[in-house]
Amino acid sequence: MRKSTPIFLIAFFSLCLTACELRNPALSVLSGEEVGDSCLSETILPVEVPFPMPEFRKPVFPDTIVCLSIASIQDSLQTIYINSQIIALSEAGGGTISLEEGKWQTGRIELKSNINLHFPEKIEIYFSNRPEDYLPVVFTRYEDEECLSSGAFIYANNQKNVALTGCGKLIGPELSGKLFNTFREQFNNKAIRKKDAGVPVEERIYDGSSLDATMLLLNIFLPINCEGVFVEGIRIEGSLAWNTAPIYCANVIIRGVNIYLVGVPAGGGINIESTKNVLIEFSTLASGDDCFTIKVGSGEDGARVNKSSENIVIRYCLALTGDGGVTTAGGIKNVYVHDCVFSGTTRGLRSKTGRERGEGGDSLFYERIRIRNATKALNWDMLGSTYVMGELAERSPIRRKTPLTPSYSNIHIKDIVVENAGKFICASGIPESPLVNVTVENAIVSCNKLPEFTDVDSFSIRNSSIISQDSIMTFIDARNITFENVKMTLLHKLCLNKRGPLTTNIIIKK
């Protein structure tokens, strides 16, 4: 049994970490009180990024405001009433639909072009727990494959200039009842989670008519094929799946949202999928899955669609719980995450993929990040789990490269503080496609375990301080790994555990 760390050593590590920050006055990393929805700025501040990006501005809607009143509704569900008003205003040129304060109950709401759906502060929207309230099926994408199913509680397809604003609260169904049980059957039965990629999309129907056609998990807000998406200030509690999820969209701004999905197994926070030109800022997430996720489709269906996620900025955000603070999952380029705090997520910065998933990540930049109490602060897992990938998740035998072999390269991390992590770095590439060209600079770290590198080529750590209970660094078929001007405070003498015929050129300078 592993012995627990004595209290005096924990205190020693904490004091050393604080001292390291004080000795590095140039390292300006924000605390949790300086980020998140409570710090939302009135205007959108200029965006400065290491790649070309458009200017982000708040959208402008026509002056018309239509106020909806619960008193004018006869039915218990207000779905038809809300949707009819949205359609009428959109056809008249657009404007703002504002719901009066109170408790509303509804099925699927469908946004249309030039509509700002406004939720005042003292409003609660409760979404129905009946599957029939999310029919007929609509075009969507689930688990990386296009299909026809329930879509989302708030849905928009092929629209322009749509928005959700206000400080009202959106509340998903409880994790019980007919709707959830229908979804739970699907979620637990891996065999029906995906149709054959060779089946035409119009025949991939999940409408709940049978076990093989079980309805798929709904998002809270899913705009798909939309140009100009704006979300500001809303509060979300409870969901059945990942939450705010733009797919195939362009020019997306999400700011000042507060999402609480603790205890929801698939409850991811904000998922950006095959979408470009995105700004996410001043948001607070507590998730049951990954908090901020960037991904595209995978496998043959993802290759058929061939739409990347690119030009994405995440700044001044706070993640409190979840599998990953920021998670990338393939087909990603030009991502800049800065001035964020991840406090209590299982992983801080996470990249994942798998053999035959396709795509990967390139040109990812992370600056001024604080990571607290993560099991793995920096984590690259390119093989994936056996649950998802089967035998392809095994390192050996080495496979030949295919068009669907993923790659991750050109990742730059600078000015980070890692507090009380289980592992500082856990980097695992694929034997036939190693993780390539990663730099970590100006890191101040307190951790239990030193870095582990497997199937990695060209990884450097510079100008950093590491305080650890461990004294062993592991290298498995890892090459060209450099530590330059890195101060390590360890309990025992540093030991390099080198394995694999490709492990070479491990350099420790100064």
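Just so you know, these numbers use all the heavy atoms, side chains as well, and skip hydrogens, waters and symmetry mates.
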First locate atom CG of N463, then atom NZ of K414, and finally report the distance between them rounded to the nearest 0.5 Å.
10.0 Å

Heavy-atom closest pair, residues L285 and C291
CD2-O, 3.2 Å

Is there side-chain contact between I236 and T244, with at least one heavy-atom pair below 4.5 Å?
yes

Salt bridge (Lys or Arg N to Asp or Glu O under 4.0 Å) with K376: which residues, sequence neighbours excluded?
none

Taking only Lys NZ, Arg NE, NH1 and NH2, and the carboxylate oxygens of Asp or Glu, determine whether R370 and E419 approach each other closer than 4.0 Å.
yes

Verify the distance criterion only: is there a donor paired with an acceptor across the side chains of T454 and R395 at less than 3.5 Å?
no

Please identify each residue that fulfils ring-ring contact (aromatic ring centres under 6.0 Å, His included) with Y336, with sequence neighbours left out.
H338

Non-neighbouring partners of E33 that pass side-chain hydrogen bond (donor to acceptor under 3.5 Å, both in side chains), sequence neighbours left out
S31

Would you check if there is a donor-acceptor pair between the side chains of S446 and N420 at a distance under 3.5 Å?
no

Taken in chain and number order and not counting sequence neighbours, the residues that satisfy side-chain hydrogen bond (donor to acceptor under 3.5 Å, both in side chains) with R315 are E281

Could you list the residues that satisfy side-chain hydrogen bond (donor to acceptor under 3.5 Å, both in side chains) with N277, not counting sequence neighbours?
N251, N311

Might you point out which heavy atoms bring R372 and S343 nearest each other, and give the distance in Å?
CD-OG, 3.5 Å

Any luck finding a side-chain donor-acceptor pair between T375 and T346 under 3.5 Å?
no

At their closest point, which heavy atom of E356 faces which heavy atom of P406, and how far apart are they?
N-CD, 4.3 Å

Residues which pass side-chain hydrogen bond (donor to acceptor under 3.5 Å, both in side chains) with K169, listed by chain and number, not counting sequence neighbours
E237

Without hydrogens or angle criteria, can the side chains of E484 and S460 be said to hold a donor-acceptor pair below 3.5 Å?
no

Is a donor from one side chain sitting under 3.5 angstrom from an acceptor on the other, for N334 and E310?
no

Is it the case that the side chains of T284 and D37 hold a donor-acceptor pair, with the cut-off being a distance below 3.5 Å and no angle test?
yes

Can you give me the closest heavy-atom contact between R355 and L392, atom names plus distance?
NH1-O, 2.7 Å

Does K307 have more than 12 heavy atoms from other residues, nucleotides or ligands lying within 6.0 Å of its NZ?
yes

Got a sec, which residues hit side-chain contact (heavy atoms from CB on, under 4.5 Å) with R499, two or more places apart in sequence or on another chain?
T474, I476, N497

Does any part of the side chain of L491, heavy atoms only, come nearer than 4.5 Å to the side chain of S471, both counted from C-beta?
no

What one should report as the nearest heavy-atom pair of V341 and L30 is CG2-O, 3.5 Å

With a 4.5 Å cut-off on side-chain heavy atoms, are R304 and V201 touching?
yes

Once ring-ring contact (aromatic ring centres under 6.0 Å, His included) is applied, what residue pairs with a partner in residues 394-448 remain, sequence neighbours excluded?
F365-H412

Residues forming a salt bridge (Lys or Arg N to Asp or Glu O under 4.0 Å) with R462, sequence neighbours excluded
none

If you compare all heavy atoms of S28 against all heavy atoms of R368, which two are closest, and at what distance to 0.1 Å?
O-CD, 3.3 Å

According to salt bridge (Lys or Arg N to Asp or Glu O under 4.0 Å), who are the partners of E34, at least two apart in sequence or on a separate chain?
none

Got a sec, which pairs hit ring-ring contact (aromatic ring centres under 6.0 Å, His included) with one end in residues 274-298, sequence neighbours left out?
F282-Y316

Taking the side chain as everything from C-beta on, heavy atoms only, tell me whether K352 gets closer than 4.5 Å to D290.
yes

For S41 and R255, test the side chains for any donor-to-acceptor distance below 3.5 angstrom and give the result as yes or no.
yes

Residue pairs fulfilling ring-ring contact (aromatic ring centres under 6.0 Å, His included) with at least one residue in residues 466-509, sequence neighbours excluded:
F453-F475

